[in-house]
Amino acid sequence: MLNGLRVVLGVSGGIAAYKACALTSKLVQQGAEVKVIMTQSAQEFVTPLTFQAIARNPVYTDTFDEKDPSKIAHIDLADWADIFIIAPATANIIGKIANGIADDMLSTTILATEADVYIAPAMNVHMYAHPAVKRNMKTIEEWGYRFIEPGEGYLACGYVGKGRLEEPETIVDVIKKDQDKKQLLAGKRMLISAGPTQEKIDPVRFFTNHSSGKMGFALAEVAAKWGAKVTLVAGPVSLKTPANVKRIDVSTAEEMYQAIHTHFDQSDIVIKAAAVADYRPKVTYEDKMKKKDGDLTIEFERTKDILKELGQRKMHQFLVGFAAETNHPLSFGEKKLKSKQLDAIIINNIKTPGIGFQSDTNEVIYLHQSGETNHFSLATKQEIAKQILMQINKDIKVD
Ligand code: CTP
C-alpha cells in the first residue's frame, strides 16, 4: 500500500495521457494522495476535470493561477510531494528538464522539488531512439531521477516498437517496491507528543502557549510512512491526523503525563515535541470568575516535568526532547539534555524569523548525548522531520 504517500503526477501532451487517468486511479486506490499538473498540450487529450474527479484534488495547469495568496503554488506543491511522477513524459518535457527550462507549471515545479522523481516516457519509436532524447535522458538519469522505460508494442502512430507508456500497474509496482525499501523505521514503536497544553482557570479561560503541533505531527507522519507504529499524544490543535497514526487527544499537562506514561513501556523511540505548560492555576473555578475592581492575581503551581520523569524511568527507549529557546540555545539545550537524561535533544531558537511555533518551516540543531551536533538548516517541518528521523535511525543503530 502507498498509504498517505503524497504524489505529484505531471501529465504532458501525448496520446498516452489517457493512461495517466488509470495511473491516478491506481495510486488513489493504493492510499496515495495525488495532485496532478497538466501541460497545455496534455489538455488537448484529456480534460483537467477527469483528473480532478479521480484524484479528488484540484488540477494545476497554470503557474500564475495563484489561488492561495499565502503560498506560491509551484513551490508549495514541490515541497508537498513525497514523490513526483511524470507520465506520460514527452520528448519535449524531457528536453526541458534536461536543460533546466521552466516555462510552465510542470517544468517549473519539477525544478523546485526535492522529492524522488520518476519519469515514464511515451513517444514514437524513432523519437525515442533519437540522439537528442537519448542524451537528455542520460543527463537526467545522472541526477538520480529514475526512468520507467516504455514498453514495446503497438504505438498510436501505427509503428510497433519501444515507446509505449509503461502500464499503470507496472508504474505503481515500481513505486511500491521503492517505498518498501524506504521502510527505515519498520517494526519500531514510536511515541510522539505534539502541540500545547491548556490549563483551565475557569470554564471560560485557560493558560496556554503558541505551539501549533506542526512539528510533532510532521514527525508522526514521516515516521508512519517509514514503517513505524506511531502513537501521537496531541494537545489541543486543529491538525489532521496523519495516515496510519494512532492519535490520543489530551488537554492538560496532567492528561499528557498520564497518556505518555501509559504508552512509554511499549515504545522504542519517544519524541517529546509538545510544549507542555510548566505551571497551572492552583485553583480551577467551577463557575466563571466575575470581574472585580482592581488587579487580579492568579496563583500558579508547577506541573510535572513529563520528560524528566521519562529520563529517570527509561530502560531500552531512545528518548528525544525538544528545547525551544530564545537565547543561548545550544548551552540551554545541552543543560536540558543532561538534566532530563535524554539520548538527544532538538534545539530551536524561536526568535529566529521563519521558525518556531506557528511557522511551517523550522531550523534546528540535533544534539546527541555524545556531544555530536547536526545542524538542519531552514526547511519545511516535513523535511526537518525526515532529517531528524534519519539521524535517530542512525543513532539507535550505534547506541
Ligand atoms: N517538557 C515536559 N514536561 C514539562 C515541561 C517540558 O515533558 N512540564 C518537555 C517538552 O516536551 C520538551 C522539553 O521538556 O521536550 C523541554 O521543554 P522546554 O519548554 O523547552 O523546557 P523546560 O524543561 O520547560 O525548561 P524552561 O521552561 O526552563 O526552558
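Please read these numbers as outputs of a predicted model, since none were measured by experiment. Whatever order the structure lists them in is the order used to number ligands and atoms, beginning at 1.
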Protein residue, atom and distance nearest to [atom], heavy-atom basis:
atom	answer
atom 8 (N) of ligand 1	Lys304 O, 2.9 Å
atom 3 (N) of ligand 1	Ile306 N, 3.1 Å
atom 15 (O) of ligand 1	Lys272 O, 2.7 Å
atom 25 (O) of ligand 1	Lys336 CE, 3.5 Å

- Is there a protein heavy atom at a distance of less than 4.0 Å from atom 28 (O) of ligand 1?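 Looking at atom 28 (O) of ligand 1, one finds that no protein heavy atom lies closer than 4.0 Å.
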- Message: Does the protein come close to atom 19 (O) of ligand 1 - that is, does one of its heavy atoms sit below 4.0 Å from that atom?
- Response: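 Neighbour list for atom 19 (O) of ligand 1 is empty of protein heavy atoms (cut-off 4.0 Å).
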- Message: Side chain, backbone, both or neither: which applies to Thr303 and ligand 1 if a contact is any heavy-atom pair less than 4.0 Å apart?
- Response: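 Looking at Thr303 and ligand 1, just side chain atoms fall under 4.0 Å.
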For ligand 1 and [X], I'd like to know whether there is a polar contact (N/O to N/O, distance under 3.5 Å).
X	value
Leu307	yes
Ala275	no
Asp278	yes
Ser193	no
Val276	no
Phe322	yes

Using a strict 4.0 Å threshold on nitrogen-to-oxygen distance, state whether [X] and [Y] make a salt bridge.
X	Y	answer
Lys19	Glu166	no
Lys177	Asp180	no
Asp116	Arg146	no

- Message: Can you confirm whether Lys335 is buried at NZ, in the sense that more than 12 heavy atoms of other residues, nucleotides or ligands lie under 6.0 Å from that atom?
- Response: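 No, not enclosed.
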- Task: With the side chain counted from C-beta on, respond yes when Thr326 and Ile350 share a heavy-atom pair under 4.5 Å apart, and no when they do not.
- Result: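 They are in contact (side-chain heavy atoms under 4.5 Å apart), so the answer is yes.
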- Item | Close side-chain approach of Glu383 and Asp79, heavy atoms under 4.5 Å |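 Contact flag for Glu383/Asp79 side chains = no.
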- Item | Numbered atoms and elements of ligand 1 in range of Gly321, under 4.0 angstrom, heavy atoms |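 Counting from 1, the qualifying ligand atoms are 15 (O).
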- Item | Name of the residue among Leu389, Leu232, Leu319 meeting side chain to side chain contact (heavy atoms under 4.5 Å, CB included) with Ile271 |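 That would be Leu389; it is the only one of Leu389, Leu232, Leu319 passing the side chain to side chain contact (heavy atoms under 4.5 Å, CB included) with Ile271.
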- Task: Run through Leu342, Leu310, Ile345, Val320 and flag the one making a side chain to side chain contact (heavy atoms under 4.5 Å, CB included) with Lys272.
- Result: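 Result for side chain to side chain contact (heavy atoms under 4.5 Å, CB included) with Lys272: Leu310.
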- Query: Do Glu254 and Gln258 have side-chain N/O donor and acceptor atoms under 3.5 Å apart?
  - Reply: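 Yes, Gln258 and Glu254 have a side-chain donor paired with an acceptor closer than 3.5 Å.
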- Query: Out of curiosity, is Lys340 lining ligand 1, as in a heavy atom under 4.0 Å away?
  - Reply: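 Yes; Lys340 lies near enough to ligand 1 that a heavy-atom distance drops under 4.0 Å.
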- So which of Ala323, Ala274, Ala324, Ser211 gets nearest to atom 11 (O) of ligand 1, if we judge by its closest heavy atom?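 When every heavy atom of Ala323, Ala274, Ala324, Ser211 is considered, Ala274 comes closest to atom 11 (O) of ligand 1.
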- Message: Would Lys162 and Tyr128 count as a cation-pi pair here, with the cationic atom under 6.0 angstrom from the ring centre and within 45° of the axis?
- Response: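 Not satisfied by the 6.0 Å and 45° rule.
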